[in-house]
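Structure, as structure tokens:
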Amino acid sequence: GHDLRHYWNERFSKLMETAGVSEPEEELMRSQLMGWKFGSGSAKHYIQRYVEKKASEHSLKMQEEYMKIPEFKS
């Protein structure tokens, strides 16, 4: 059940990002759908987790671009 909750919340975060939903609205919807009390902080945990994952992904992309060595043509 724990893994399913994490998977569901990650998919929900991606959907909210694609739909351009604001973080406060996302938090309210997530709390409603998961049955959490509004303002309990449970929804913020999953939002923060998603933000951290996306930040890491973008950082790795930047590092990959920086480390590319131009190919030399003979």
Side-chain angles (χ1 to χ4, degrees):
H2 187 73
D3 287 340
L4 177 59
R5 184 171 62 246
H6 284 290
Y7 176 74
W8 184 92
N9 276 284
E10 184 171 338
R11 300 270 315 220
F12 187 75
S13 291
K14 288 178 184 177
L15 178 64
M16 295 295 97
E17 180 181 37
T18 302
V21 175
S22 70
E23 188 175 312
E25 189 176 7
E26 176 183 346
E27 182 179 357
L28 288 172
M29 288 191 286
R30 187 185 307 267
S31 291
Q32 173 66 34
L33 293 170
M34 295 300 288
W36 297 322
K37 181 178 177 183
F38 295 124
S40 70
S42 296
K44 278 195 178 290
H45 168 77
Y46 288 99
I47 293 170
Q48 182 63 34
R49 186 178 157 135
Y50 183 73
V51 168
E52 289 170 0
K53 180 180 177 185
K54 294 299 287 184
S56 292
E57 289 173 359
H58 289 297
S59 177
L60 286 173
K61 284 180 185 177
M62 288 176 58
Q63 291 174 40
E64 288 171 1
E65 287 297 316
Y66 179 75
M67 296 303 294
K68 282 186 180 176
I69 300 172
E71 293 182 32
F72 294 99
K73 295 185 179 186
S74 336

Going by heavy atoms in the side chains, are Met16 and Glu25 under 4.5 Å from each other? no
Please determine whether a side-chain nitrogen of the Lys or Arg among Glu10 and Arg49 lies less than 4.0 Å from a carboxylate oxygen of the Asp or Glu. no
Will you find, in the side chains of Glu17 and Tyr50, an N or O donor that is under 3.5 Å from an N or O acceptor? yes
Are Trp8 and Ile47 connected in the hydrophobic side-chain network, where two residues link if heavy atoms are under 4.5 Å apart? no
Considering only heavy atoms from C-beta outward, does the side chain of Ser13 approach that of Arg30 to under 4.5 Å? yes
Answer yes or no: is there an ion pair linking Lys61 with Glu64, defined by an N-O contact shorter than 4.0 Å? no
In terms of side-chain heavy atoms, does Ser22 have a donor or acceptor partner in Glu26 at a distance below 3.5 Å? no
Is Phe38 atom CZ crowded by more than 12 heavy atoms from other residues, nucleotides or ligands, each under 6.0 Å away? yes
d(Phe12 CZ, Met29 CE) to nearest 0.5 Å is 5.0 Å
Distance in Å, Trp36 CH2 paired with Tyr46 OH, rounded so as to fall on 0.5 Å steps: 5.0 Å
Return yes if some donor-acceptor pair links the side-chain N/O of Ser40 with the main-chain N/O of Lys37 below 3.5 Å, else return no. yes
Show, in sequence, the C-alpha distance, side-chain angles and deciding distance for Gln63 and Ser59, and conclude whether the side chain to side chain donor-acceptor pair (under 3.5 Å) test is met. CA-CA 6 Å; Gln63 291 174 40; Ser59 177; 3.2 Å; yes
